[in-house]
Peer 1: 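My structure is below; once you've seen it, I'll send some questions.
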Amino acid sequence: MHAPAERLNGLGTTIFAEMSALALATGSVNLGQGFPDRDGPDSVLEDAIAAIRSGANQYAPARGVPVLRQAVADHQRRFYGLSYDPDTQVLITTGATEAVAAALLAYVEPGDEVIALEPYYDSYAAGIAFAGGRRVPVTLRAPSYRLELDELRAAVTPRTKVLLINSPHNPTGTVLTDDELRGVRDVAVEHDLIVITDEVYEHLVYDGLRHRPLATYEGMADRTVSISSAGKTFAVTGWKIGWVTGSAAVVTAVTTAKQFLTFTSGTPFQPAVANALALGNDYFDTLRADLQSRRDLLAGGLTDLGFEVHRPAGTYFITTDIRPLGHTDGIDFCRMLPERAGVVAIPNQVFYDHTTLGRPLVRWAFCKQPALLQEALTRLQKL
């Protein structure tokens, strides 16, 4: 049989599919894959049902339904003071994962280098490989997980084309500071780089911090591909509705690639997401407060069990070091955990090129009901 394309080497089945299947097979509490165990707001769900019943079941326009493009533009202005033309500067995608892939296909030539913050979401590696690029990691190191700007500058070469920046950062939960964002801006402007920003956790930021898009910084408007989605903010991860904002030239470039991936999708979900983006500030404030309390519940419980816990400033993931419990390999630990304790987590090692740095680290999702988090903590006492 013919071997598959070399670009698939090392990709295989995602760790999320493996661990979620293991959770089902063992009846474990799944704190691995990052999806909430609750539905989004009732009004948003009803809007989608109404759209289906009204006949919004065929192809949407290639760039997305107008009401959602306008809602995305309104959201960017409302929260960040960014002004976008909904007709030329907004693109609706099949989730943020497709948006990142389309952006990489739009800007990366074979042999180009893409700098990504390590550990990184696993689809970044696939997207870079599909575009023929070369991944260059800049590591956020435990326990602070701060971006070392000198390392970022040193990673740039004449082959560097793109900076792929994720803040709030999955899996570490780091929210880049103003100084760090200015440093990224300086590198991008000095070397004339495109910056792709994955901002899907933009509303999941805690302890009084706030997310600030790189596109708001001087010199970044025409070189930034800003990406977000509805799944994390509104607990509708299965709807796969994401978006891209940027200059007209940026959005046109990404659209050119995206149209040959899915063309369009999620027609009845798009007007529902438009209404969700217009929800009042009380929704977003309540969301943050609720998830922060769940973070504190799980972080406190894991600390009591003996893990070294890195409390995140954003996202809905907690990273722990398993060495205090006598374990050294996260993959072995996570494969053992369902049978021994009835809980599933994700080994951070799969998010690293420098695998030794991630080997003792494990990620836990706290976007679950408090009772389920407490059940997981009770089961983990078996360790």
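Along the sequence shown, residues carry numbers from 1. Please read these numbers as outputs of a predicted model, since none were measured by experiment.
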Peer 1: Taking all non-hydrogen atoms of both residues into account, name the closest pair between Pro171 and Thr319 and its distance.
Peer 2: O-OG1, 3.4 Å
Peer 1: Between Phe307 and Trp364 (judged by ring centroids, cut-off 6.0 Å), do the two rings come close enough to count as a pair?
Peer 2: yes
Peer 1: Please determine if Arg363 forms a cation-pi arrangement with Phe317, meaning its NZ or CZ atom is less than 6.0 Å from the six-membered ring centre and no more than 45° off the ring axis.
Peer 2: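 Checked: cation-pi criterion met.
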Peer 1: For the residue pair Ser226 / Thr224, report whether a side-chain donor-acceptor contact shorter than 3.5 Å exists.
Peer 2: no
Peer 1: Starting from the C-alpha separation in whole Å, work towards a yes-or-no answer on side chain to side chain donor-acceptor pair (under 3.5 Å) for Asn348 and Arg359.
Peer 2: CA-CA 7 Å; Asn348 281 28; Arg359 185 166 290 127; over 6 Å; no
Peer 1: Run the numbers on Val114 and Lys161 for side-chain contact (heavy atoms from CB on, under 4.5 Å), then give the verdict.
Peer 2: CA-CA 6 Å; Val114 178; Lys161 183 69 173 293; 5.8 Å; no
Peer 1: Testing the 3.5 Å rule here: is there a donor-acceptor pair between the side chains of Ser20 and Gln33?
Peer 2: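 On atom types as modelled, these side chains qualify, holding a pair under 3.5 Å.
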Peer 1: Describe, in one word, how the ring planes of Tyr80 and His203 are oriented to each other, choosing from parallel (under 30°), tilted (30 to 60°) and perpendicular (over 60°).
Peer 2: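 It falls in the parallel class, under 30°.
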Peer 1: Mind checking whether His310 and Tyr145 have ring centres under 6.0 Å apart?
Peer 2: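 So the answer is yes for these two rings.
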Peer 1: Give a yes/no verdict on a cation-pi contact between Lys368 and Tyr316, requiring under 6.0 Å between NZ or CZ and the six-membered ring centre and an angle within 45° of the axis.
Peer 2: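 Not satisfied by the 6.0 Å and 45° rule.
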Peer 1: Phe284 vs Phe79 aromatic rings, parallel, tilted or perpendicular, using cut-offs 30° and 60°?
Peer 2: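 It falls in the perpendicular class, over 60°.
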Peer 1: With a 6.0 Å cut-off on ring centres, are Tyr201 and His211 close enough?
Peer 2: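 Ring centres of His211 and Tyr201 not closer than 6.0 Å.
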Peer 1: For Trp243 and Ser229, does a side-chain donor sit closer than 3.5 Å to a side-chain acceptor?
Peer 2: no
Peer 1: Side chain to side chain donor-acceptor pair (under 3.5 Å) with Asp150: which residues, sequence neighbours excluded?
Peer 2: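 So Asp150 forms a side chain to side chain donor-acceptor pair (under 3.5 Å) with Arg153.
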Peer 1: Looking at side-chain heavy atoms only, is the closest gap between Thr267 and Gln58 below 4.5 Å?
Peer 2: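 Contact flag for Thr267/Gln58 side chains = no.
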Peer 1: Would you tell me whether Ser228 and Glu199 have side-chain atoms, one donor and one acceptor, within less than 3.5 Å of each other?
Peer 2: no
